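Have a look at this one.
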Amino acid sequence: DIQMTQSPSSVSASVGDRVTITCRASQGISSWLAWYQQRPGKAPKLLIYAASSLQSGVPSRFSGSGSGTAFTLTISSLQPEDFATYYCQQGNSFPLTFGGGTKVEIK
Amino acid sequence: QLQLQESGPGLVKPSETLSLTCTVSGGSISSSSYYWGWIRQPPGKGLECIGSIYYSGSTSYNSSLKSRVTISVDTPKNQFSLNLRSVTAADTALYYCARQTSSNHFDYWGQGTLVTVSS
């Protein structure tokens, strides 16, 4: 199985800050990577797919980059509604696997 | 707008079978572009893919659960279902159903249903 490792596991930031989350795959996955946001008590919401494609309706302050084994999710200017947990997920091979999550907390 | 809704018992006894159904509305489960998947999340923990099914009945399961899992589809009812046998407390989780795209990401999710395994 492909292991997905996210860092950091949590980050404290203020409104307006730029936040970057990293996801590493245990083997190359080309660009088969998605990012999700999960607010407390809610289902995950797709933000980014194919490593850098913005899902319809997602604000442009979210962006993704990377290929192979290293990927990043960047929030360019953190908004109050962005405080949540973020997960990466590889779609290169079965079983599909998620990273452990990064919690973005209010500083 | 596509919507998915999980249903099933919230409490299952150890060694019994967990059975959930996902009802899809606002779109057809028979769409050729998508699989339909189950994902779970133990309380306070991360996400785990259980498996997925195509409308034709073709399935893919997480190898760690494969011996206990069956996913089936009922196209006339626009539903798909999860059966997880011989459950233990470790199977206590929020269970989500979701639409899986051809790029193997999940673009629509149900709200999730909590299943507790306890006697």
Side-chain angles (χ1 to χ4, degrees), chain A residues 1-10 21 23 25 29-58 62 64 66-67 71 73 84-103 105, chain B residues 1-7 20 22 24 27 33-54 58-69 71 82 84 93-114:
Chain A
D1 297 2
I2 297 177
Q3 306 303 316
M4 306 300 292
T5 304
Q6 286 183 236
S7 61
S9 56
S10 66
I21 299 168
C23 178
I29 59 170
S30 186
S31 295
W32 299 101
L33 186 99
W35 289 98
Y36 302 86
Q37 176 194 67
Q38 187 176 35
R39 297 188 177 114
K42 299 295 187 182
K45 173 188 174 183
L46 178 67
L47 300 175
I48 302 282
Y49 63 94
S52 61
S53 295
L54 194 67
Q55 174 70 354
S56 176
V58 174
F62 291 93
S67 67
F71 302 85
L73 172 70
T85 300
Y86 294 83
Y87 294 93
C88 60
Q89 177 243 317
Q90 66 83 15
N92 182 76
S93 62
F94 293 95
L96 307 181
T97 47
F98 290 88
T102 296
K103 187 173 184 179
E105 300 175 300
Chain B
Q1 175 78 342
L2 191 76
Q3 292 186 316
L4 294 86
Q5 178 69 57
E6 305 89 350
S7 59
L20 296 174
C22 181
V24 179
S33 302
Y34 303 104
Y35 272 70
W36 303 89
W38 288 98
I39 302 103
R40 69 179 183 178
Q41 185 173 36
K45 296 189 178 180
L47 299 159
E48 178 183 37
C49 289
I50 299 170
S52 55
I53 190 164
Y54 196 54
S58 173
T59 54
S60 173
Y61 298 135
N62 188 324
S63 53
S64 68
L65 298 168
K66 190 173 186 176
S67 62
R68 298 193 291 132
V69 171
I71 298 175
L82 169 69
L84 181 64
L94 254 176
Y95 285 77
Y96 294 101
C97 59
R99 188 176 80 170
Q100 179 182 325
T101 74
S102 56
S103 300
N104 292 330
H105 58 265
F106 301 99
D107 59 352
Y108 285 91
W109 294 66
Q111 65 185 23
T113 188
L114 178 64

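This structure is a prediction, so every number in the text was calculated from the model and none was measured. Quick note on labels: first sequence line is chain A, next is B, and so on, each numbered from 1.
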Could you check which of B:G112, B:S103, B:G46 has the highest count of heavy-atom pairs closer than 4.5 Å to chain A?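 Looking at each of B:G112, B:S103, B:G46 in turn, B:S103 comes out on top.
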Side chain, backbone, both or neither of B:I50 within contact of chain A (heavy atoms, under 4.5 Å):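 For B:I50, there is no contact with chain A at all, as no heavy atom is under 4.5 Å.
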Considering all heavy atoms, the nearest B:S102-A:W32 contact: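 That would be O-CZ3, 4.4 Å.
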When rounded to the nearest 0.5 angstrom, what distance separates OH in B:Y96 from CD in A:Q38?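 One finds 4.5 Å between OH of B:Y96 and CD of A:Q38.
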Are B:L47 and A:Q89 packed together at the side-chain level, in the sense that at least one heavy-atom pair is separated by less than 4.5 angstrom?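 Side-chain contact under 4.5 Å: no.
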Please flag which part of A:A43 lies under 4.5 Å from any non-hydrogen atom of chain B: side chain, backbone, both or neither.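 Answer is both: backbone and side chain atoms of A:A43 are under 4.5 Å from chain B.
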Shortest non-hydrogen separation from B:Q41 to A:Y87 and the atoms involved: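 Smallest heavy-atom distance, with atoms named: NE2-OH, 3.3 Å.
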If I take atom SG from residue B:C49 and atom CZ from residue A:F94, how far apart are they, to the nearest 0.5 angstrom?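 Here the rounded value is 9.0 Å.
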Under 4.5 Å from any heavy atom of chain B, what part of A:D1 do you find: side chain, backbone, both or neither?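 The answer is the side chain of A:D1.
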Residue pair B:N104 / A:G91: nearest heavy atoms and the distance that separates them: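 Smallest heavy-atom distance, with atoms named: ND2-O, 3.0 Å.
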Parallel, tilted or perpendicular: rings of A:F98 and B:F106 (30°, 60°):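 Aromatic pair B:F106/A:F98 classed parallel.
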Check whether B:S60 gets within reach of chain A through its side chain, its backbone, both or neither, counting any heavy atom under 4.5 Å.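 The answer is the side chain of B:S60.
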Atom pair CG/NE2 of A:L96 and B:H105 - distance to nearest 0.5 Å: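 Separation between the atoms: 11.0 Å.
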